[in-house]
S.K.: 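Quick one: structure below, then a few questions.
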Amino acid sequence: HLQIIPSHLAGPAFDAPIAGLALWETMEDDLDDNEEGDGKGDATVCWLMSDPEGDNTSWTGVFARDYKERMLISFYDVETAEPHFLKLLAHALKVIDAGHIEVLELGSNTLYNSTQWSKALKTFVNVHTLYLEDMPRTPLLLSLIPTKPENQGSASSTLPGLEFLWLTQ
């Protein structure tokens, strides 16, 4: 199902500059204590445009004001096992330039390690606001710590333009 994103959505739908990207997934949580999950859930990706006059009452958090949805796609009852979320993020970027994204919202219950997060986020060089909603944060936060490779003079950061970190649970 992830291939639908670049193959059907490139072109005029994204002629307007996309400044925000939101991705989240929800796992099935209506199981009895004795049942094991089947690894399925729902996933959503939304591309947003800056709109200084915008007031988006259907959103909470960082995109509730000053943004409007350009396109929102939801997938229901899909396989959400690792690395589904990171693949969804990669496919969402096939129709836009990650360098134009200024605000990024992520929400996933899957526990990825800091190396996986560093790789996934490295193309978001202009993100100034990162909004993490209801997710295990420690590995992602560790991926944001600047690292200084051996024999190099300066440290590199996963999100070099990051100014604001918004955490909710």
Side-chain angles (χ1 to χ4, degrees), residues 1-29 40-78 80 83-110 112 116-141 143-144 146 157-169:
H1 66 276
L2 296 175
Q3 285 72 28
I4 191 174
I5 294 173
S7 63
H8 294 289
L9 303 181
F14 293 97
D15 285 346
I18 302 298
L21 181 64
L23 288 99
W24 66 91
E25 65 183 4
T26 55
M27 307 298 278
E28 290 183 347
D29 58 359
K40 297 215 176 203
D42 302 335
T44 301
V45 59
C46 185
W47 296 266
L48 298 107
M49 301 177 345
S50 179
D51 181 11
E53 304 294 317
D55 189 20
N56 196 345
T57 58
S58 63
W59 286 75
T60 60
V62 72
F63 291 122
R65 292 182 35 194
D66 301 330
Y67 289 90
K68 69 178 178 181
E69 294 176 17
R70 182 66 181 131
M71 187 166 292
L72 183 139
I73 300 176
S74 294
F75 302 97
Y76 298 100
D77 200 30
V78 294
T80 55
H84 176 268
F85 189 76
L86 297 182
K87 285 183 179 179
L88 180 64
L89 179 60
H91 281 281
L93 293 176
K94 288 185 177 183
V95 293
I96 58 168
D97 179 355
H100 292 147
I101 300 297
E102 299 171 352
V103 179
L104 180 62
E105 175 183 336
L106 301 173
S108 172
N109 291 320
T110 306
Y112 296 102
Q116 289 171 302
W117 280 118
S118 291
K119 282 181 173 179
L121 299 176
K122 71 181 177 183
T123 58
F124 292 99
V125 295
N126 290 314
V127 165
H128 59 69
T129 302
L130 177 62
Y131 177 47
L132 304 179
E133 184 173 7
D134 193 26
M135 61 182 287
R137 297 185 204 48
T138 303
L140 192 147
L141 294 176
S143 77
L144 300 178
S157 177
T158 300
L159 296 175
L162 187 63
E163 297 176 19
F164 304 101
L165 182 61
W166 188 338
L167 307 173
T168 64
Q169 184 136 1

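For clarity, every value in this text was computed on a predicted model and none was experimentally measured.
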S.K.: With a 3.5 Å cut-off and sequence neighbours excluded, list the donor-acceptor pairs that the side chains of residues 95-108 form with protein atoms.
M.R.:
unit_1 : atom_1 : unit_2 : atom_2 : d
Asp97  : OD1    : Gly99  : N      : 2.8
Ser108 : OG     : Glu25  : OE2    : 2.7
Ser108 : OG     : Thr110 : N      : 3.2

S.K.: Taking it one step at a time, do Thr26 and Thr44 satisfy side chain to side chain contact (heavy atoms under 4.5 Å, CB included)?
M.R.: CA-CA 9 Å; Thr26 55; Thr44 301; over 6 Å; no
S.K.: Looking only at heavy atoms, which two atoms of Leu140 and Met135 are closest? And how far apart?
M.R.: CD1-CE, 4.0 Å
S.K.: Look only at the side chain of Asp42 and the backbone of Asp77, and say whether a donor-acceptor pair between them is shorter than 3.5 Å.
M.R.: yes
S.K.: Mind checking the CG-CD spacing from Asp66 to Glu53? Nearest 0.5 Å is all I need.
M.R.: 8.5 Å
S.K.: Ignoring hydrogens, what is the shortest heavy-atom contact between Ala92 and Leu23? Give both atom names and the distance.
M.R.: CB-CD2, 4.4 Å
S.K.: Between Leu21 and Val127, is any pair of side-chain heavy atoms under 4.5 Å apart?
M.R.: no
S.K.: Enter the distance from Leu165:CG to Tyr131:OH here, rounded to the nearest 0.5 Å.
M.R.: 11.5 Å
S.K.: With a 4.5 Å cut-off on side-chain heavy atoms, are His91 and Val45 touching?
M.R.: no
S.K.: To the nearest 0.5 Å, tell me how far Leu121 CG sits from Leu144 CG.
M.R.: 7.0 Å
S.K.: Considering all heavy atoms of both residues, which atom of Cys46 and which atom of Trp59 are nearest to each other, and what is their separation?
M.R.: SG-CZ2, 3.6 Å
S.K.: For the side-chain contact (heavy atoms from CB on, under 4.5 Å) test, which of Leu130, Leu93, Thr158 pairs with Phe124?
M.R.: Leu93
S.K.: Tell me, do Phe63 and Glu69 make a side-chain contact under 4.5 Å, heavy atoms counted?
M.R.: no
S.K.: Got a second to check how far Asn56's CG is from Lys68's NZ, nearest 0.5 Å?
M.R.: 10.5 Å
S.K.: State, with a plain yes or no, whether a side-chain heavy atom of Arg70 is found less than 4.5 Å away from one of Leu48.
M.R.: no
S.K.: Can you tell if the side chain of Ser143 reaches within under 4.5 Å of the side chain of Tyr112, non-hydrogen atoms only?
M.R.: no
S.K.: Once you round to the nearest 0.5 Å, how far does CG of Leu162 lie from CG of Asn126?
M.R.: 12.0 Å
S.K.: Side chains of Leu86 and Trp117, heavy atoms from C-beta outward: is any pair under 4.5 Å?
M.R.: yes
S.K.: Between Ile73 and Trp47, which heavy-atom pair has the shortest distance, and what is it?
M.R.: CD1-CZ3, 3.9 Å
S.K.: Of all the heavy-atom pairs spanning Leu88 and Ala43, show the shortest one and how long it is.
M.R.: CD2-CB, 4.0 Å
